[in-house]
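Here the structure is laid out as structure tokens; the discussion comes afterwards.
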Amino acid sequence: MEIPKTYDPKEAETRHYARWEAQGYFAPEINRDPAAPVYTIVIPPPNVTGSLHMGHALQHTIMDVLTRYRRMRGYRTLWLPGSDHAGISTQIQVEKQLKKEGLSRHDLGREEFTARVWRWKEQYGGEITKQMRREGASVDWSRERFTMDEGLTRAVREFFVRCYEAGLIYHGEGLISWCPKDQTALSDLEVEKEAQAGKLYYLQYPVKGSDRRVTVATTRPETMLGDTAVAVNPHDERYSDLLGATLELPLTGREIPIVADEFVDPEFGTGAVKVTPAHDPNDYAMGLRHKLPQVKVIDQHARMTADAGAEFAGLDRYAAREKVVQRFAELDLLEKVVDYEFSITKCGRCRTVIEPLISTQWFLKQAELGRAALDLITERHEPRFVPEVPYAKVYTSWLENLHDWTLSRQLWWGHRIPAWYDEAGKVYVARTEADAQAQAGTNKLTQDPDVLDTWFSSALWPISTLGWPDETEDLKIFYPTSVLVTGRDIIFLWVSRMMMTGLKFAGQKAFADVFITGTVFDKHGQRMSKSKGNGVDPLDVFDKYGVDATRLVLAQIEGTDTRWNNNLVESYRNFANKIWNAARFCLMNSEDATVGRGFEGEPASWALHDRWIMSRLHKTARTVAGALESYRFHEAVQTLYHFFWDDFCDWYIELSKSDVTAAEPAPARAAARSRVLTVLEQALRLLHPFMPFITEELWQRLPGVGAAQLHPAYAHAEPTIMLAAYPQPDAALIDERAEAEVQALIELISRVRNIRSEMNIKPGETVPVLVSVPDETLRAVFESGAQQIARLVRASEVSVQPNSNGPRAAARAVLAGGAEVAVPLEGLIDFAVERERLRKEQEKLEKEAEKLAAQLANENFVARAPAEKVTELRQRQADIAQRTGAERQNHPARELDHPGLSEPQPRGRRPAQEEKPATREI
RNA sequence: GCCCGCUUAGCUCAGUUGGUAGAGCGCACGCCUCACACGCGUGAUGUCGAAGGUUCGAGUCCUUCAGCGGGCACCA
């Protein structure tokens, strides 16, 4: 076989994905079983502007593992890909491009501009879509969707119109968050709070007809130009005589009232609050309560309006702030300025400070839509969040406090709001312009210029991608989806809204489970970000270590926040290489052998190590299945890693080696070779969801693989490990006795290796090994394993006897079950070292024995602990007693030969021995 | 202000019904042993953040505290 010693991932990666895709393996149609259960995942659609980052790679890996696992188990599996038009991001991206040409979108006009965005999208968009192929993502490309596809656009309009007709969507005035840079309204969820060191200004307003002044504290002095009242708490005695009084608002010549409102906290500041209904959310609400006028003094560019007064009109808000403060100082109305830390609201995208403005927008009453979702989680605990803590609660408390959603955006790129106005300004909401005209009885209509929040179309993703509002086959088959895999940052923005819309318009929850992945930080625990430049590019990691190794790391991150560490990837790269070389060994010895053979007949007739590996294999399959069913990817990865490396490579291959590498062809050799191949093939299948490329690469090379390995649902397909049946645990093959016996074999071998290593016996040197085993069954195990033992410890001979009979001068170790192993000295052993080795071992046992004795002497423990636990400890105690007892027998010999070799632990009290009878009582 | 998470070996992290702590990397020693030096064998390493409590027994449950991180509300 001309297989290279080192696995080259790229070579395999480039080949297999193209074939899988071309063969249609990713599409659910590959499954021909009409009764197959269904498994659906819709991808969180990445922005068309985006490129792959670790967060995507993490989510995609989780989704792909789940999908491949279910597919191999015969589910009709759909993982639906797509991308999001990402309103603002994309528009900004293209505007930047235009700027380089000295143009703005207004130079092009709306139509031309959106055409340009579409071209940009075709040319540069969907980068992630290509990168996902690199990841091995088994998504059904034939069902790929884009949030501005024709179908999805229709869904968005339908949804909007239905909500409008149901009174859930309304058009009206409200105080919204406005980004002066992006020139659009934003929803609550698109803004971020940030702590900021600033100043608190204490301004004095004179009371009309008095020489009193009322002091108000503010962080935004410039807004005082728009004040229409000062509010105090109705129970605040300091101001009770001023209620209803009038204040002379400085710099404006306006007069404003003092009103009483419970909102005001008497403890804060001066207990008197300036009220600016047009530029602050709380003041807006207060303004409505007291029917105060709204004076707009700041415009959409965050500049002062004419209503701010001639002196300030046109000034930037910060320049106006300085000027206002300066003027107050001049008028001797500035009481003081103190340092103050407060939080400031910024645009989540461009970090510009938000300006709250009164404006006419479209809103969705989320509270009503949310009720069904809230009932579902509180009454039926659906969807099931993983990890449940803290996300189920985060989701629930969000649903309990829903506010209206500002839907409209003053952008050109996105779903245009299906609303038209006649010349009188009356609004008509309709599915098409023709409908609107019919409603209005005129064709002189103008469409609302605004588009919808990007998240509006996202909210429909699970249903719109499957064909809603039509009652398509896909919708019937694949909805509701099985699990949503996403990050915690969009639980409100997206997860909750999909649930609401799914319940409202498809009559069912959008997904059964929600898996929230952890966050990947850099190695210093910092969030990865483009601006910091500390991001690790998944593609670089793929290039360096291979996709499969990277996927293992990502899968085992699962829901935990993790610092990225290439060392871990490296160790999984090594694992991939280990798999490669184990397969290489099997293939180098595959003449006459076939996958699937070698385990004929009753398991009872198989050799011990064969029964053992099958037991280990099926336990592994059991654990992995259990782990994958409940999203415990870390456990699945660990289990597979140790099964493959420890059980299969370190022990099974080694124990099988002499049979497998026998020089002469013979049925026994062929059978041994087939067995090794068979186990390898099963292991590859178990690993495939995690490591799709290397497993396919190797699987294709195995002799005898083909249709027989495929899950029945895919029997017609060209053979691929992707469609092989996932190994199902068979309880009948789990053999605890075989496991215990091989464990004894492993212990023996390890003890001898330890002696060799500690005694500095040269690796090339062979030594005789004498094993004494009083127990008959165990003796049989060692006797029949003598050849394997000899090979693995480099023994010249392995002699197994009922009783200790070796030469006095030997290094000894005591094994479980009262057995003992001795390696005769014959001048090989350094006595000082041997003495030390034994002393350490003895010490360990003494310590443990003491602990056990103490515990077993505790009446409370014996009385209250479960009986099995007590028995287990007594067993262990007896075991130690046997060991130390055996040690004691050997000591005199050593002392004779080498005075001082052992140092006598007090031999009188071996608590274990006294406890022995107790064992029998149970 | 309210709620939540994390704190385990030098590093990154596991540890699901409470039973006496693990992995990978790193480290030490010896090996190119006919699949693999991206390897093999052997070994060392933790008062499981602190203090109390419940329990026969607590990394695992309860309380308090500390450090770090997150969410929500408020922020005149």
Side-chain angles (χ1 to χ4, degrees), chain A residues 1 3 5-7 193 195 200-203 216-220 223 230-231 263-265 268-276 280 282-283 340-344 387 389-391 393-394 397-398 401 488-489 491-492 519 521 523 525 545 549 553 556-557 560-568 570-589 626 630 632 634-635 637-638 641-642 649-650 653-654 657 661 749-750 753-758 760-764 791-794 840 848 851-852 855 858-866 869-870 872-873:
Chain A
M1 277 277 169
I3 304 173
K5 271 185 167 184
T6 307
Y7 171 51
K193 306 278 176 84
L200 191 57
Y201 302 85
Y202 285 74
L203 309 179
V216 295
T218 180
T219 55
R220 299 197 60 191
T223 62
V230 164
F263 167 79
V264 181
D265 175 7
F268 190 92
T270 62
V273 186
K274 62 190 277 306
V275 184
T276 323
D280 180 274
N282 293 309
D283 292 5
Y340 182 64
E341 182 167 315
F342 61 105
S343 60
I344 199 158
V389 177
Y391 302 116
K393 200 169 170 183
V394 166
S397 51
W398 170 254
N401 296 291
R488 67 168 90 91
D489 50 334
I491 292 177
F492 310 142
T519 307
F521 297 102
K523 63 179 168 187
Y545 301 104
V553 175
Q556 61 123 58
I557 283 175
T560 342
D561 289 352
T562 312
R563 300 177 181 208
W564 188 259
N565 187 344
N566 271 351
N567 289 340
L568 192 57
E570 191 176 326
S571 80
Y572 284 122
R573 187 272 318 264
N574 295 350
F575 178 52
N577 197 237
K578 186 73 179 178
I579 297 171
W580 182 258
N581 277 289
R584 191 165 158 258
F585 170 78
C586 297
L587 290 169
M588 285 166 71
N589 297 286
S630 46
R632 298 191 315 267
H634 186 277
E635 185 183 343
V637 170
Q638 291 301 307
Y641 181 96
H642 290 291
C649 293
D650 287 352
I653 287 184
E654 294 305 328
K657 219 165 214 174
T661 58
I749 291 165
S750 298
R753 283 171 171 175
N754 169 263
I755 288 170
R756 291 190 60 121
S757 179
E758 301 269 315
N760 293 321
I761 295 171
K762 295 216 163 34
R791 183 186 174 95
L792 295 181
V793 303
R794 293 194 154 234
K840 277 194 278 186
E848 198 184 339
K851 251 182 164 177
L852 287 169
Q855 197 167 2
N858 183 335
E859 286 171 24
N860 275 323
F861 172 72
V862 180
R864 304 192 192 190
K869 193 68 209 170
V870 179
E872 187 187 315
L873 291 196

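Within every chain, numbering begins at 1; the chains are lettered A, B, ... in the order of the sequence lines, protein sequences first and strands thereafter.
Here the CH2 atom belonging to A/Trp564 is positioned 13.5 Å from the OG1 atom belonging to A/Thr519, to the nearest 0.5 angstrom. Atom-to-atom distance recorded for A/His634:NE2 and A/Thr560:OG1 is 7.5 Å, nearest 0.5 angstrom. Distance check: A/Thr223 OG1 to A/Lys274 NZ gives 2.5 Å after rounding to the nearest 0.5 Å.
Between the base of B/C38 and the side chain of A/Arg573 there is a donor-acceptor pair shorter than 3.5 Å. A donor N or O paired with an acceptor N or O is not found under 3.5 Å between the base of B/C36 and the side-chain atoms of A/Lys5. Side-chain N/O atoms of A/Glu635 and base N/O atoms of B/A23 include no donor-acceptor pair closer than 3.5 Å. If you check distances only, the side chain of A/Lys657 does reach the base of B/A35 with a donor-acceptor pair under 3.5 Å.
Checked options A/Tyr545, A/Trp580, A/Tyr572, A/Phe575; the residue passing with A/Tyr7 is A/Trp580 (criterion: ring pair (Phe, Tyr, Trp, His ring centres under 6.0 Å)).
Residue contacts shown for A/Asp265 include a base, since a base heavy atom lies under 4.0 Å away. Residue A/Tyr202 is classed as having no contact, given no heavy-atom separation below 4.0 Å to the nucleic acid. The residue A/Thr219 sits close only to the backbone: its heavy atoms come under 4.0 Å of sugar-phosphate atoms, none of a base. The residue A/Thr661 sits apart from the nucleic acid: no heavy atom pair falls under 4.0 Å.
Projected onto RNA chain B by closest heavy-atom contact, A/Ile653 and A/Ala272 fall at different nucleotides, the more 5' of which corresponds to A/Ile653. Place A/Arg753 and A/Arg632 on RNA chain B by their nearest nucleotides, and A/Arg632 ends up nearer the 5' end.
Cation-pi geometry between A/Lys578 and A/Tyr641 is not met at under 6.0 angstrom from the ring centre and within 45 degrees of the axis.
With rounding to whole Å, A/Met588 atom CE is found 8 Å from B/C34 atom C1'.
Using a 4.0 Å cut-off, no side-chain N or O of A/Lys393 falls inside it from OP1 or OP2 of B/C72. Proximity of A/Asn860 to the phosphate of B/U55: no side-chain N or O atom is located under 4.0 Å from OP1 or OP2. For the OP1/OP2 pair of B/G39 and a distance below 4.0 Å, the side-chain nitrogens and oxygens of A/Asn574 include at least one atom meeting the criterion.
In this structure, B/G22 forms a base pair with B/C13, meeting either the Watson-Crick or the G-U wobble geometry with both donor-acceptor distances under 3.5 Å.
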